[in-house]
Amino acid sequence: MGTEWTEERFDAAVGSVPVRIYRDSALTKSPPLVLHLHGGAFLNGSLATGQLVSTLLAKAGAVVVSADYSSAYEHPFPAALQLSFDIMSSLCKRRAKLAHRESSLFVAGEEAGGNLAAGVALMARDQHLGGLQGQILLSPMLDPCMATGSFRKAEAGASGCRWADGWNRYLGFAAKACHPYAAPAHCMRLAGVAPALVLTAEDDPMHDESLNYARRLREAGVVVREHVLTVRTGWPGAYGNCLGVQPEWGETVCGHFAAFFHETGALSH
(Lines give C-alpha, C1' and ligand atoms only; values in the text may rest on other atoms or scores of the structure.)
Protein backbone atom coordinates (compact mmCIF):
# COMPACT_ATOMS: atom_id res chain seq x y z
CA MET A 1 0.00 0.00 0.00
CA GLY A 2 2.78 2.46 0.81
CA THR A 3 2.01 6.09 1.60
CA GLU A 4 -1.42 7.56 0.94
CA TRP A 5 -2.88 11.00 1.48
CA THR A 6 -6.28 12.61 1.84
CA GLU A 7 -7.34 16.24 1.61
CA GLU A 8 -9.21 18.13 4.31
CA ARG A 9 -9.67 21.70 5.47
CA PHE A 10 -8.64 23.14 8.83
CA ASP A 11 -10.31 26.15 10.37
CA ALA A 12 -7.92 28.98 11.25
CA ALA A 13 -8.29 32.63 12.19
CA VAL A 14 -8.01 33.67 8.52
CA GLY A 15 -10.55 31.09 7.36
CA SER A 16 -10.53 27.53 6.13
CA VAL A 17 -7.08 26.21 5.15
CA PRO A 18 -6.59 23.23 2.81
CA VAL A 19 -4.31 20.46 4.11
CA ARG A 20 -3.14 17.05 2.98
CA ILE A 21 -2.79 14.30 5.56
CA TYR A 22 -0.19 11.63 4.73
CA ARG A 23 -0.04 8.20 6.35
CA ASP A 24 2.09 5.18 5.57
CA SER A 25 0.76 1.64 5.82
CA ALA A 26 3.51 0.73 8.32
CA LEU A 27 2.54 3.21 11.06
CA THR A 28 3.45 2.48 14.66
CA LYS A 29 0.90 2.61 17.48
CA SER A 30 1.64 6.22 18.43
CA PRO A 31 3.37 7.82 15.43
CA PRO A 32 4.81 11.33 15.56
CA LEU A 33 2.49 14.02 14.20
CA VAL A 34 4.23 16.50 11.89
CA LEU A 35 3.06 19.86 10.60
CA HIS A 36 4.75 20.26 7.21
CA LEU A 37 5.16 23.64 5.51
CA HIS A 38 6.11 23.59 1.82
CA GLY A 39 8.63 25.78 0.03
CA GLY A 40 8.07 28.39 -2.65
CA ALA A 41 10.19 31.40 -1.60
CA PHE A 42 7.08 33.12 -0.19
CA LEU A 43 6.03 33.66 -3.82
CA ASN A 44 4.29 30.42 -4.77
CA GLY A 45 4.26 26.78 -3.77
CA SER A 46 1.35 24.51 -2.99
CA LEU A 47 0.31 21.23 -1.43
CA ALA A 48 1.49 19.54 -4.63
CA THR A 49 5.01 20.99 -4.39
CA GLY A 50 5.18 19.79 -0.78
CA GLN A 51 4.31 16.22 -1.72
CA LEU A 52 7.86 14.85 -1.91
CA VAL A 53 8.99 15.97 1.54
CA SER A 54 5.63 15.03 3.08
CA THR A 55 5.90 11.54 1.62
CA LEU A 56 9.44 11.07 2.94
CA LEU A 57 8.31 12.17 6.41
CA ALA A 58 5.43 9.69 6.26
CA LYS A 59 7.75 6.87 5.13
CA ALA A 60 9.91 7.68 8.15
CA GLY A 61 6.96 6.81 10.38
CA ALA A 62 5.00 10.04 10.88
CA VAL A 63 1.46 11.18 10.28
CA VAL A 64 2.00 14.35 8.26
CA VAL A 65 -0.35 17.32 7.98
CA SER A 66 0.89 19.42 5.07
CA ALA A 67 -0.72 22.86 5.20
CA ASP A 68 -1.20 25.24 2.29
CA TYR A 69 -0.39 28.64 3.77
CA SER A 70 -0.43 30.36 0.35
CA SER A 71 -3.48 32.43 1.32
CA ALA A 72 -1.06 34.42 3.47
CA TYR A 73 1.21 35.27 0.51
CA GLU A 74 -0.87 38.37 -0.14
CA HIS A 75 0.05 39.73 3.28
CA PRO A 76 3.54 40.40 4.70
CA PHE A 77 4.94 39.02 7.94
CA PRO A 78 3.54 37.84 10.31
CA ALA A 79 0.50 36.53 8.36
CA ALA A 80 2.01 33.25 7.11
CA LEU A 81 3.76 32.58 10.43
CA GLN A 82 0.67 33.27 12.50
CA LEU A 83 -1.38 30.99 10.25
CA SER A 84 1.22 28.23 10.65
CA PHE A 85 1.26 28.63 14.42
CA ASP A 86 -2.56 28.53 14.53
CA ILE A 87 -2.50 25.23 12.64
CA MET A 88 0.16 23.83 14.96
CA SER A 89 -1.99 24.82 17.95
CA SER A 90 -4.91 23.01 16.31
CA LEU A 91 -2.80 19.87 15.82
CA CYS A 92 -1.85 19.98 19.48
CA LYS A 93 -5.54 19.73 20.37
CA ARG A 94 -6.43 17.19 17.66
CA ARG A 95 -3.51 14.79 17.93
CA ALA A 96 -5.66 11.97 19.34
CA LYS A 97 -7.92 12.09 16.29
CA LEU A 98 -5.17 12.51 13.72
CA ALA A 99 -2.57 10.13 15.17
CA HIS A 100 -2.61 9.12 18.85
CA ARG A 101 -3.14 11.02 22.09
CA GLU A 102 0.48 10.24 23.05
CA SER A 103 1.94 11.28 19.68
CA SER A 104 4.80 13.76 19.77
CA LEU A 105 4.48 16.96 17.74
CA PHE A 106 7.00 18.17 15.17
CA VAL A 107 7.16 21.04 12.71
CA ALA A 108 9.00 20.64 9.39
CA GLY A 109 9.61 22.77 6.36
CA GLU A 110 11.85 23.32 3.38
CA GLU A 111 13.13 26.67 2.09
CA ALA A 112 10.43 29.30 2.90
CA GLY A 113 8.62 26.60 4.83
CA GLY A 114 11.84 26.08 6.81
CA ASN A 115 11.73 29.73 7.80
CA LEU A 116 8.18 29.28 9.07
CA ALA A 117 9.07 26.04 10.86
CA ALA A 118 11.91 27.77 12.71
CA GLY A 119 9.57 30.66 13.55
CA VAL A 120 6.88 28.29 14.83
CA ALA A 121 9.48 26.63 17.08
CA LEU A 122 10.45 30.02 18.53
CA MET A 123 6.80 30.96 19.05
CA ALA A 124 6.07 27.59 20.67
CA ARG A 125 8.82 28.24 23.20
CA ASP A 126 7.71 31.82 23.92
CA GLN A 127 3.99 31.08 24.07
CA HIS A 128 4.44 27.82 25.98
CA LEU A 129 2.78 25.59 23.38
CA GLY A 130 3.13 22.19 24.97
CA GLY A 131 4.41 19.10 23.25
CA LEU A 132 6.58 20.38 20.39
CA GLN A 133 9.21 17.65 20.27
CA GLY A 134 11.33 18.85 17.38
CA GLN A 135 11.84 21.06 14.34
CA ILE A 136 12.99 19.73 10.95
CA LEU A 137 14.61 22.37 8.74
CA LEU A 138 15.61 21.60 5.14
CA SER A 139 17.50 24.40 3.35
CA PRO A 140 15.70 26.95 5.53
CA MET A 141 15.49 30.59 4.37
CA LEU A 142 16.75 32.26 7.53
CA ASP A 143 18.84 35.28 6.52
CA PRO A 144 17.38 38.03 4.28
CA CYS A 145 20.87 39.52 3.77
CA MET A 146 21.71 36.62 1.40
CA ALA A 147 25.41 37.49 1.68
CA THR A 148 26.85 34.06 2.49
CA GLY A 149 29.48 32.28 0.46
CA SER A 150 27.03 29.60 -0.65
CA PHE A 151 24.72 32.26 -2.09
CA ARG A 152 27.62 33.86 -3.96
CA LYS A 153 28.67 30.43 -5.20
CA ALA A 154 25.15 29.86 -6.48
CA GLU A 155 25.23 33.25 -8.20
CA ALA A 156 22.08 34.24 -6.32
CA GLY A 157 22.34 37.92 -5.50
CA ALA A 158 20.15 40.58 -3.94
CA SER A 159 18.44 41.49 -7.21
CA GLY A 160 16.90 39.46 -10.02
CA CYS A 161 16.64 36.53 -7.61
CA ARG A 162 13.50 34.69 -6.58
CA TRP A 163 14.66 34.48 -2.96
CA ALA A 164 15.30 38.23 -2.82
CA ASP A 165 11.86 38.81 -4.30
CA GLY A 166 10.41 36.39 -1.78
CA TRP A 167 12.08 38.11 1.16
CA ASN A 168 10.78 41.47 -0.05
CA ARG A 169 7.28 40.04 -0.30
CA TYR A 170 7.44 38.39 3.11
CA LEU A 171 9.03 41.20 5.09
CA GLY A 172 7.02 44.04 3.57
CA PHE A 173 9.56 46.63 4.68
CA ALA A 174 13.14 46.46 5.93
CA ALA A 175 12.42 47.01 9.63
CA LYS A 176 10.78 43.58 9.86
CA ALA A 177 14.09 41.96 8.90
CA CYS A 178 15.15 42.57 12.51
CA HIS A 179 12.27 40.56 13.97
CA PRO A 180 13.58 37.22 15.29
CA TYR A 181 10.49 35.32 14.11
CA ALA A 182 10.83 36.74 10.58
CA ALA A 183 14.58 36.19 10.24
CA PRO A 184 15.59 33.47 12.72
CA ALA A 185 19.24 33.81 11.65
CA HIS A 186 19.29 37.11 13.54
CA CYS A 187 17.50 35.83 16.64
CA MET A 188 19.64 36.55 19.70
CA ARG A 189 17.87 34.11 22.04
CA LEU A 190 17.74 30.52 20.84
CA ALA A 191 17.97 28.63 24.12
CA GLY A 192 14.99 26.51 25.01
CA VAL A 193 13.64 25.80 21.53
CA ALA A 194 12.81 22.27 20.44
CA PRO A 195 15.60 19.94 19.23
CA ALA A 196 16.45 20.45 15.57
CA LEU A 197 17.28 18.39 12.51
CA VAL A 198 19.00 20.61 9.94
CA LEU A 199 19.60 19.27 6.43
CA THR A 200 21.38 20.97 3.57
CA ALA A 201 23.57 20.05 0.58
CA GLU A 202 26.87 21.13 -0.89
CA ASP A 203 25.09 22.68 -3.89
CA ASP A 204 22.41 24.38 -1.79
CA PRO A 205 22.37 28.23 -1.78
CA MET A 206 21.10 28.03 1.81
CA HIS A 207 24.03 25.77 2.82
CA ASP A 208 25.89 28.35 4.91
CA GLU A 209 22.93 29.88 6.72
CA SER A 210 21.59 26.39 7.50
CA LEU A 211 24.86 25.30 9.15
CA ASN A 212 25.32 28.65 10.87
CA TYR A 213 21.88 28.29 12.44
CA ALA A 214 22.62 24.71 13.49
CA ARG A 215 25.85 25.89 15.13
CA ARG A 216 24.12 28.73 16.99
CA LEU A 217 21.36 26.42 18.20
CA ARG A 218 23.98 24.01 19.52
CA GLU A 219 25.88 26.82 21.23
CA ALA A 220 22.58 27.81 22.91
CA GLY A 221 22.27 24.31 24.38
CA VAL A 222 19.75 22.96 21.85
CA VAL A 223 20.16 19.34 20.73
CA VAL A 224 20.93 19.43 17.00
CA ARG A 225 21.34 16.76 14.37
CA GLU A 226 22.73 18.06 11.07
CA HIS A 227 23.74 16.54 7.77
CA VAL A 228 25.18 17.87 4.52
CA LEU A 229 24.51 15.88 1.36
CA THR A 230 27.50 15.73 -0.96
CA VAL A 231 25.59 14.47 -4.00
CA ARG A 232 24.25 17.01 -6.44
CA THR A 233 20.68 17.67 -5.28
CA GLY A 234 19.41 20.78 -7.02
CA TRP A 235 18.06 21.94 -3.64
CA PRO A 236 15.92 23.80 -2.89
CA GLY A 237 14.18 23.65 -6.27
CA ALA A 238 14.26 19.84 -6.28
CA TYR A 239 11.92 19.72 -3.27
CA GLY A 240 9.07 20.66 -5.57
CA ASN A 241 9.29 17.39 -7.51
CA CYS A 242 5.73 16.05 -7.41
CA LEU A 243 6.11 13.33 -10.06
CA GLY A 244 6.07 10.50 -7.53
CA VAL A 245 9.66 9.47 -8.32
CA GLN A 246 12.00 9.31 -5.33
CA PRO A 247 15.25 11.19 -6.06
CA GLU A 248 18.72 9.85 -5.39
CA TRP A 249 18.89 11.61 -2.03
CA GLY A 250 15.39 10.56 -0.91
CA GLU A 251 16.37 7.43 1.00
CA THR A 252 19.14 9.26 2.86
CA VAL A 253 16.84 12.10 3.88
CA CYS A 254 14.12 9.66 4.94
CA GLY A 255 16.70 7.87 7.07
CA HIS A 256 17.61 11.10 8.84
CA PHE A 257 13.94 11.79 9.52
CA ALA A 258 13.50 8.36 11.07
CA ALA A 259 16.70 8.66 13.13
CA PHE A 260 15.60 12.06 14.45
CA PHE A 261 12.22 10.66 15.46
CA HIS A 262 13.99 7.83 17.30
CA GLU A 263 16.47 10.16 19.01
CA THR A 264 13.70 12.39 20.31
CA GLY A 265 11.74 9.40 21.57
CA ALA A 266 8.89 9.85 19.10
CA LEU A 267 9.33 6.37 17.63
CA SER A 268 9.95 3.17 19.54
CA HIS A 269 13.07 1.21 18.61
Side-chain angles (χ1 to χ4, degrees), residues 37-45 49-50 53 69-70 72-81 84 107-123 135-190 193 196-220 224 226-230 232-240 249:
L37 302 162
H38 61 71
F42 295 114
L43 298 171
N44 46 43
T49 56
V53 174
Y69 59 90
S70 58
Y73 285 152
E74 302 173 7
H75 308 285
F77 173 84
L81 178 60
S84 301
V107 62
E110 64 273 12
E111 197 223 31
N115 172 291
L116 296 176
V120 165
L122 291 168
M123 289 184 71
Q135 52 181 318
I136 299 172
L137 312 177
L138 299 90
S139 310
M141 284 175 64
L142 301 170
D143 187 356
C145 296
M146 300 192 332
T148 62
S150 58
F151 255 105
R152 291 193 297 272
K153 184 178 179 180
E155 299 182 351
S159 61
C161 166
R162 69 189 303 265
W163 296 296
D165 293 343
W167 275 117
N168 289 334
R169 168 80 67 83
Y170 184 53
L171 297 177
F173 58 93
K176 291 184 178 179
C178 298
H179 198 294
Y181 293 170
H186 301 314
C187 181
M188 300 304 294
R189 190 173 69 89
L190 296 174
V193 299
L197 169 62
V198 181
L199 297 179
T200 183
E202 290 289 355
D203 63 339
D204 180 7
M206 267 66 81
H207 170 277
D208 290 359
E209 64 197 89
S210 299
L211 296 186
N212 286 340
Y213 194 63
R215 173 185 55 80
R216 293 189 59 235
L217 286 170
R218 193 177 290 110
E219 289 173 351
V224 178
E226 68 178 64
H227 183 75
V228 179
L229 291 175
T230 56
R232 187 163 185 81
T233 63
W235 288 11
Y239 294 128
W249 44 264

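These numbers come from a predicted model, not from an experiment.
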>> According to side-chain hydrogen bond (donor to acceptor under 3.5 Å, both in side chains), who are the partners of Asp143, at least two apart in sequence or on a separate chain?
In response: His186

> Taking all atoms of both residues into account, what is the closest heavy-atom pair of Ala164 and Met146, and its distance?
Replying inline: CB-CE, 3.5 Å

>> Checking Trp235 now: which residues fulfil ring-ring contact (aromatic ring centres under 6.0 Å, His included) with it, not counting sequence neighbours?
In response: Tyr239, Trp249

>> For a quick test of reading the model, state the closest non-hydrogen atom pair linking Ile136 to Ala117 and the distance between them.
In response: O-CB, 4.4 Å

>> So, using ring-ring contact (aromatic ring centres under 6.0 Å, His included) as the criterion, who are the partners of Phe42 when residues are at least two apart?
In response: Tyr170

> Of the non-hydrogen atoms in Pro236 and Asp204, which two are nearest, and what is the gap between them?
Replying inline: CD-OD1, 3.9 Å

> If you look only at pairs with a residue in residues 107-119, which of them pass as a salt bridge (Lys or Arg N to Asp or Glu O under 4.0 Å), with sequence neighbours excluded?
Replying inline: Glu111-Arg162

>> Keeping Thr49 on the side-chain end and Gly45 on the backbone end, is there a donor-acceptor pair under 3.5 Å?
In response: no

>> Between Asp203 and Arg232 (side chain of the first, backbone of the second, donor and acceptor by atom type, cut-off under 3.5 Å), is there such a pair?
In response: no

> What distance separates Ser139 OG from Glu209 CD, expressed to the nearest 0.5 Å?
Replying inline: 9.0 Å

> Knowing that exactly one of Thr233, Leu138, Leu229 qualifies, which makes a side-chain contact (heavy atoms from CB on, under 4.5 Å) with Leu199?
Replying inline: Leu138

> Does Asn115 reach the main-chain N or O of Ala183 with its side chain, forming a donor-acceptor pair under 3.5 Å?
Replying inline: no

> What are the two closest heavy atoms between Val198 and Ala214, and how far apart are they?
Replying inline: CG2-CB, 4.0 Å

> Which atoms form the tightest heavy-atom contact between Leu37 and Ser84, and what is the distance?
Replying inline: CD2-OG, 3.6 Å

> Who are the side-chain contact (heavy atoms from CB on, under 4.5 Å) partners of Arg218, not counting sequence neighbours?
Replying inline: Val224, Glu226

> Is the backbone of Cys187 close enough, under 3.5 Å, to the side chain of Arg216 for a donor and an acceptor to pair up by distance?
Replying inline: yes

> For the residue pair Trp167 and Ala182, what are the closest heavy atoms and their distance?
Replying inline: CZ3-O, 3.5 Å

>> Around atom CZ of Arg215, are there more than 12 heavy atoms from other residues, nucleotides or ligands closer than 6.0 Å?
In response: yes

> Could you give the distance from CE (Met141) to CE (Met206), rounded to the nearest 0.5 Å?
Replying inline: 6.5 Å

> Between His38 and Val53, does a side chain to side chain contact (heavy atoms under 4.5 Å, CB included) hold up when you go through it step by step?
Replying inline: CA-CA 8 Å; His38 61 71; Val53 174; over 6 Å; no

>> With rounding to the nearest 0.5 angstrom, report the SG to CZ distance, Cys145 to Phe151.
In response: 11.0 Å

>> Test of understanding: with side-chain contact (heavy atoms from CB on, under 4.5 Å), list the residues that count as partners of Ala118, not counting sequence neighbours.
In response: Gln135, Leu137, Leu142, Pro184, Tyr213

